[in-house]
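So the structure is just underneath, and the comments pick up after that.
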Amino acid sequence: MTDVYAHRGSRGTHPENTLPAFHAAVQSACEGIELDVHLSSDGQLLVIHDEKVDRTTNGQGLVRDFSLKEIKKLDAGSWFDDSYTFKGVKIPTLQEVLEALKDWGFKGKLNIEIKTDKIVYPGIERKLVDLVHSDAWPFQIIYSSFNPKSLKRLRLLDANAQLGYLASDINFLTKMFLRYYHKDAWHISYRMMKEFSKWKKNYPFARPYLEAAKCRVWTINDPKKMRAVYSFGADAIITDYPERALALRSEIISEKKDLILEMTSKGNQEIKLKKDEGDV
Ligand code: G3P
Ligand code: MG
């Protein structure tokens, strides 16, 4: 079965990477939650997507230039809509999110994306691993990154870390190489999933390489594309709308059951006909 992961929490309906977005994701009963981490100027792991605070808060500037105290003064909810529902929502620390997920009884997979592809945060991997190992969280933690160096560092710090290589561009050799280094999972774009499908069909020798690692596809919000990801057989679909993806998955499962029932009853009828005709 293809798992459903809520991208930056339930980002389609709540301000991304905030506690309300994660709470909504837990309530949707999806199997996984994805979030992004950066470091503050005083070395705190912060949950936010962009390198700058501008798009998702009432502040301006690079995350790395804010101390935790300064970042906590920002409003990360009001930008989302005009309803005031999320006014005053703060950028959470990763520790706060982990504790909240524990309190809410989340038992799925937490995908921590380490945002080191544009800005280098020295020591971020060590801080992350230390925090993850600081408690027996009741959910599984997996890491992902566009930056293979970060994945390599995580592997050195934790031999058992589950790693996902984030890729949106096509470079077969690079990906093959990376498979050997970080072979746990591909986290790929829709475009790349299409490419994987072609490779699987046209180059049988590539199949085992592509299938050796798990494959999670992002960021899929359109029902047609969701259907394609389910039919591709991805291990997970990463979406801003987990409820939509879960409802569609149930729909597809019922359609398959109906088809099997239809085929079985058709088969039974044919057997009956043959019996009546004395063929069986
Ligand atoms: O993990 C999938 C997705 O989050 C990667 O892209 O930019 O949304 O972090 P982005
Ligand atoms: Mg992300």
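Numbering of ligands and ligand atoms starts at 1, following listing order.
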- request: Starting from the Mg ion (ligand 2), look over the N/O/S atoms of Asp36 and name the nearest one.
  value: OD1
- prompt: Can a salt bridge be assigned to the pair Lys198 and Glu195 using a cut-off of 4.0 Å between side-chain N and carboxylate O?
  reply: yes
Contacts of Asp130 that satisfy side-chain contact (heavy atoms from CB on, under 4.5 Å) - sequence neighbours left out: Arg126
Residues Arg11 and Glu34 bridged, charged N to O under 4.0 Å: no
Minimum-distance N/O/S atom that Glu34 presents toward the Mg ion (ligand 2): OE2
Any protein N or O within less than 3.5 Å of an N or O in ligand 1? List each pair with its distance, or say none.
| unit_1 | atom_1 | unit_2 | atom_2 | d |
| --- | --- | --- | --- | --- |
| ligand 1 | 1 (O) | Glu34 | OE2 | 3.1 |
| ligand 1 | 4 (O) | His7 | NE2 | 2.8 |
| ligand 1 | 4 (O) | Glu34 | OE2 | 2.7 |
| ligand 1 | 4 (O) | Glu113 | OE1 | 3.2 |
| ligand 1 | 7 (O) | His49 | NE2 | 2.7 |
| ligand 1 | 7 (O) | Lys115 | NZ | 3.4 |
| ligand 1 | 8 (O) | His7 | NE2 | 2.8 |
| ligand 1 | 8 (O) | Arg8 | NH2 | 2.8 |
| ligand 1 | 9 (O) | Asp36 | OD1 | 3.2 |
| ligand 1 | 9 (O) | His49 | NE2 | 3.2 |
| ligand 1 | 9 (O) | Glu113 | OE1 | 2.7 |
| ligand 1 | 9 (O) | Lys115 | NZ | 2.8 |

- line: In Leu45, Leu98, Leu68, the residue satisfying side chain to side chain contact (heavy atoms under 4.5 Å, CB included) with Thr93 is Leu68
statement: Per residue Glu113, nearest N, O or S atom to the Mg ion (ligand 2) is named OE1
message: So, using side-chain contact (heavy atoms from CB on, under 4.5 Å) as the criterion, who are the partners of Lys256 when residues are at least two apart?
response: Ile252
task: Specify whether Phe139 and Phe106 have parallel, tilted or perpendicular ring planes, treating 30° as the upper limit for parallel and 60° as the lower limit for perpendicular.
output: tilted
field: Sequence-distant partners of Ser41, side chain to side chain donor-acceptor pair (under 3.5 Å), two or more places apart
entry: none
